[in-house]
Each structure stands twice: as C-alpha cells, then as structure tokens.
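Here the structure is a predicted model, which means the values were calculated and not measured. Order of listing sets the numbers, starting from 1, for every ligand and every atom in it.
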Amino acid sequence: MTSTDDVRTESAALPVVLGGEPRPPVAAVPWPRPAGREMELLAQVVRSGDWAFDGPLEAEFERQFAAYQDAEYGLCVANGTVALQLALEALDVGAGDEVIVPGLTWQATAAAALDINAVPVLADIEPGTYCVDPADVERLITPRTRAIIVVHLYGSLADMDRIGEIGARHGIPVIEDCAHAHGSRWRDRGAGSWGTLGCFSFQLFKTLTAGEGGFVTTNDPTLREEIYSLRNCGRRRSGSLDEHWRPIQSGNYRITELQAAVLLAQLDVFDDQASQRDRNVTRLEAGLAELPGVAPMERPPQRTRISPYEFAFKFRPGEWDGLSAAAFRRALAAELGVEVSTVNEPLNAAPLYQPHTKRRYRLSDAHWEAVNPARFELPAAMHAFGEGVLLPHKVLLDDDAIPAVTAAIARLHAHRHALAR
Ligand SMILES: Cc1ncc(COP(=O)(O)O)c(C=O)c1O
C-alpha cells in the first residue's frame with residue numbers, strides 16, 4: 001500500500017467519539033520522569049543534615065541553571081509566583097505602582113503584582129503568537145508604570161526586540177516570566193537573560209521540576225543581592241559586597257536542599273529533552289501547516305529554540321462545517337488519550353483571578369477600582385481562548401506522537417460532518 005493509501009485508510013477509521021476503536025495513548029510515558037541521580041543525591045542530602053537552604057547542591061544548581069539560561073546570576077526561590085513577586089520588589093515596585101502584564105497568562109503573573117499592592121494593568125496579545133502585544137504595552141504606559149512583565153507562552157517567545165526597545169525608551173524594566181520557557185532561546189540567547197530579571201517555575205508539570213520551586217535570573221549584581229535578601233528574611237548573602245547591598249524587609253521564600261538535589265538530577269537530562277521538544281515542535285508545526293481546519297502559530301525567526309511547557313495551535317472554525325472548538329478538543333483528546341485544552345482564560349474574566357474577593361486589596365476605593373480586571377478589554381486574548389488548542393509537553397517527548405497527532409486531526413476533519421451533528 002502506498003503512503004497515500006495509508007493516510008486514506010487512517011482517515012476513514014472512525015474517531016473514538018463516534019464509536020471507533022480507541023488507539024494506544026500517545027505520550028504514555030509518565031511525567032515527572034526520574035532522570036537517574038535523584039535517589040543518590042537525595043540520600044547524600046539526608047545523610048549530610050544539610051536539609052534547608054544555601055546548601056552545596058543549591059549553589060551548584062544555581063550556577064548551572066543560570067549559565068544554561070545565559071544569565072550571570074541565578075537564585076532558587078519557593079515557587080514561580082514568588083519569583084515574580086520578589087523580582088518586582090527587587091525593582092522597588094510597590095504600593096499603587098502600575099505593572100503591565102499580559103491579559104493571557106496563568107493568574108500568578110498578575111497576582112504577583114497584586115500581592116505587593118501594585119496595580120496589574122492587563123495588555124492584550126498578538127494574535128499570531130499569543131504573547132503580549134508590544135503596541136498595546138506601549139499604549140498602556142503611564143507615569144505610574146514601574147515594570148513590564150512578558151510571558152513566553154505555549155511555544156512562543158514574547159518579542160524581546162520590541163519590548164526591550166520600548167522598556168529602554170521609557171526607562172521601564174522588563175521582567176520575563178519564563179515558567180513555560182526553560183531552555184528556550186530568542187536570537188540564540190536564553191530566555192530569562194533578556195529582561196532585567198527572569199522568573200522560572202519548577203512546579204510539578206513544568207519541563208524542569210522538583211514538585212515545587214522557582215528561580216530568578218539577572219545580570220545585575222545589585223539585584224542578585226536584593227533577591228537573596230528578599231528570599232531569606234532580609235538577610236545579607238555571605239560574600240556580598242557593601243556597594244550591592246541594602247537592608248530590606250522580607251520573609252521566608254527559600255527552597256530546600258532536597259529540592260535542589262532533584263533539580264540537579266533533572267538538569268542532567270534537561271538539554272536532551274529540550275532538544276527533542278524543539279525538534280518535535282518543528283515537525284508538528286510543519287505537519288499542522290499542511291492540514292485543513294487547523295493552523296500553527298506564527299514563528300518569528302528570532303525564536304531560535306523552543307522547549308515549551310504546553311504547545312499551542314489554532315482551530316479554524318470556518319473549516320469544520322459547524323463543529324465547535326470545544327467538541328474538536330474533546331474528540332482529539334479521545335483520539336490521542338492525552339489532555340487537550342484551550343489556553344488560559346483571559347484575566348479580565350478568569351475564575352481564579354478575582355481581586356475583589358479579598359479585602360486585603362481594598363487599600364482605598366481608587367485602588368479597589370484600579371485592580372478590577374473587568375475594566376480591561378482583551379479582544380485578541382478572548383479570541384485565542386475560543387480558538388486555541390493546547391497539548392501537554394510530554395507529547396513532544398514522544399517522537400511517534402507527532403504523526404499520531406496530525407493523523408488524528410486529519411481523521412477528525414474527514415468525519416467533521418458526523419462529529420458536528
Ligand atoms: C506563566 C506562569 N507564570 C507563573 C507561574 C507560577 O509558578 P508556580 O506555580 O511555581 O508558582 C505559572 C505556573 O503555572 C505559570 O504558568
């Protein structure tokens with residue numbers, strides 16, 4: 001049989017939601033995946049009694065991961081949310097200051113600003129990449145703007161050329177939220193090394209994980225000392241120089257040596273996994289570009305390497321004879337045996353971003369109104385919420401999953417009339 005015949009036979013097979021035979025699930029490998037050295041390093045930590053923070057494995061991980069992302073300095077912190085919060089505080093952002101944040105992201109990006117009494121200002125996204133729209137960022141700048149947070153989302157990187165230029169022209173620092181972008185590169189330089197600070201999450205489902213954890217990168221020696229003090233109750237880092245240090249009020253946002261042990265072990269295999277994800281993103285996007293009914297995201301040439309946490313593509317409703325995006329996602333999940341979702345709900349309407357549910361944010365009537373996310377309009381983010389399709393990154397760690405995904409979409413398209421009924 002020719003490969004064209006193969007494709008035809010495959011496409012004729014009944015989709016699972018129409019009663020077809022379920023296929024073996026793609027990406028059946030578990031996540032997280034032990035890399036090898038975890039138990040050995042954990043045993044070493046347990047024996048050493050060095051269970052808390054500032055241990056040797058933490059120092060080693062900080063050195064290795066900062067270098068991997070092309071940053072001068074890196075510091076472990078409790079989680080990705082705290083990383084963003086401390087990054088803002090290191091920049092002395094506080095009460096009533098405005099922080100521009102993409103309207104399409106996980107709520108933590110905005111909540112980090114909210115929790116330091118700043119005002120998150122929600123910018124819309126670029127339809128082609130789902131990352132923050134530089135033109136909208138510039139439109140939202142006021143004399144009160146103290147920081148811009150960009151998020152590298154779903155296999156895209158925010159336009160660091162344009163955002164960097166806007167930040168520099170207005171004298172506003174840029175923070176990169178890299179929770180989805182460990183190992184990703186813009187113009188062949190690591191995510192987290194472009195902005196004034198970069199923030200990472202090591203939460204369980206992220207591509208580099210210790211169950212929980214976070215990381216802050218910077219090239220600025222003063223900000224390094226600030227982040228150290230902020231994560232450690234205001235204490236001074238041993239070895240810090242007077243010129244880079246000031247006393248600062250803070251709490252405990254530290255990580256443990258047990259987490260550092262797991263992170264170091266995971267880092268052993270991370271680059272191979274990141275390369276595999278990058279290769280499979282290229283393969284999958286090439287495949288999607290050939291299919292009716294769907295489209296890959298725009299890929300600017302500056303995105304030189306991508307190792308996403310979730311992979312996004314677009315559903316084109318006009319090409320499915322009435323099948324809804326939600327029904328398509330359900331049918332695709334059934335074909336593949338993996339979770340298929342839409343993008344995050346835009347923050348002006350997200351169930352988990354509700355500043356008005358906590359009296360803590362009622363600093364004044366004016367502040368209460370300023371933090372109301374419903375005052376922002378985010379048409380492009382809303383559109384993305386309707387059309388976006390997300391696959392988990394473990395699909396990209398299974399080379400055989402790539403043809404399975406494109407075949408499943410072709411099969412669904414061939415049966416679109418029956419599916420839409
Ligand atoms: C874009 C983004 N930023 C920040 C975070 C916060 O990270 P954490 O869960 O480690 O606090 C997440 C977590 O999912 C995220 O997706």
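- When the options Thr209, Leu57, Ile255 are evaluated for a side-chain contact (heavy atoms from CB on, under 4.5 Å) with Leu263, the one that passes is Ile255.
- In summary, the side chains of Thr222 and Glu225 do not present any donor paired with an acceptor at a separation below 3.5 Å, with no hydrogens or angles considered.
- With respect to atom 5 (C) of ligand 1, the closest heavy atom belonging to the protein is Trp106 CD1, 3.7 Å.
- Close contacts between ligand 1 and His180 involve ligand atoms 1 (C), 15 (C), 16 (O) [criterion: under 4.0 Å to a heavy atom].
- Taking any N or O of Ser201, backbone or side chain, at least one lies under 3.5 Å from an N or O belonging to ligand 1.
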- Before giving the answer on side-chain hydrogen bond (donor to acceptor under 3.5 Å, both in side chains), spell out for Trp186 and Asp161 the whole-Å C-alpha distance, their side-chain angles and the decisive distance to 0.1 Å. CA-CA 9 Å; Trp186 179 261; Asp161 298 355; 2.7 Å; yes
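- Within ligand 1, the atoms closer than 4.0 Å to a non-hydrogen atom of Thr105 are 1 (C), numbered from 1 in the order shown.
- With sequence neighbours left out, Glu62 forms a side chain to side chain contact (heavy atoms under 4.5 Å, CB included) with Glu58, Leu75, Cys76, Phe215, Arg231.
- Of the candidates Glu310, His152, Lys206, it is Lys206 that places a heavy atom closest to atom 13 (C) of ligand 1.
- Residues that satisfy the ring-ring contact (aromatic ring centres under 6.0 Å, His included) test with His356, not counting sequence neighbours, are Trp368.
- Put simply, the side chain of Glu226 does not reach to within 4.5 Å of the side chain of Leu91, judged on heavy atoms.
- Protein heavy atom at the shortest distance from atom 3 (N) of ligand 1 is Asp177 OD2, 2.7 Å.
- Under 4.0 Å from ligand 1, the heavy atoms of Thr109 that appear belong solely to its side chain.
- Among all non-hydrogen protein atoms, the one lying nearest atom 11 (O) of ligand 1 is Thr81 OG1, 2.5 Å.
- Side chains of Ser229 and Trp245: a donor on one and an acceptor on the other come within 3.5 Å.
- Annotation for ligand 1: atoms under 4.0 Å from non-hydrogen atoms of Ala108 are 4 (C), 5 (C), 6 (C).
- Of all the atoms in ligand 1, the ones that sit under 4.0 Å from a non-hydrogen atom of Val151 are 1 (C).
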